[in-house]
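Predicted model only: the values in this text are computed from it and were never measured. Hydrogens, waters and symmetry mates are skipped; everything else that's a heavy atom, side chains included, is used.
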Amino acid sequence: MPLRLVVIALLVLNGGYWLWSRGDLAGFGLVPAGLDERDPQRLARQIHPEYLQIRAEPSKAGASSSNAR
């Protein structure tokens, strides 16, 4: 009997956590901190991501002559 109560309690807690993490308990004032941080808000907070440039490392003059034996 006690094991059955533990399993039922774990199922209820797991279901409650699932509802809380989805934001379904917002009507009760239970909202996770990151619920409002979805992709549109994150994209709006980025600072000019189009300015990002990937540059190749400059080659050293001595490295190419020492490898050509």
Within residues 23-32 or reaching into it, pairs that qualify as side-chain hydrogen bond (donor to acceptor under 3.5 Å, both in side chains) - sequence neighbours excluded
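Non-adjacent pairs meeting side-chain hydrogen bond (donor to acceptor under 3.5 Å, both in side chains): Arg22-Asp24.
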
Do Trp18 and Phe28 sit in one hydrophobic cluster, given that two such residues count as connected whenever their side-chain heavy atoms are within less than 4.5 Å of each other, even indirectly?
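Cluster IDs for Trp18 and Phe28 match.
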
Which residues pass the ring-ring contact (aromatic ring centres under 6.0 Å, His included) test with Tyr51, sequence neighbours left out?
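Result, ring-ring contact (aromatic ring centres under 6.0 Å, His included) vs Tyr51: His48.
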
Other than Leu10, what residues sit in its cluster of Ile, Leu, Val, Met, Phe, Trp and Tyr side chains whose heavy atoms are under 4.5 Å apart, directly or through others?
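Members alongside Leu10: Val6.
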
Give the minimum heavy-atom separation between Gly16 and Leu25, together with the two atoms involved.
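Here Gly16 and Leu25 meet closest at O-CD1, 4.0 Å.
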
Pairwise distance CG(Leu13) to CD1(Ile8) - rounded to 0.5 angstrom:
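Taking CG in Leu13 and CD1 in Ile8, the distance rounds to 12.0 Å.
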
Are there more than 12 heavy atoms of other residues, nucleotides or ligands under 6.0 Å from atom CD of Glu50?
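Result for CD/Glu50: enclosed.
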
Not counting sequence neighbours, which residues clear side chain to side chain donor-acceptor pair (under 3.5 Å) with Gln53? List them please.
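Testing Gln53 for side chain to side chain donor-acceptor pair (under 3.5 Å), a comparison that skips the adjacent residues, returns Arg55.
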
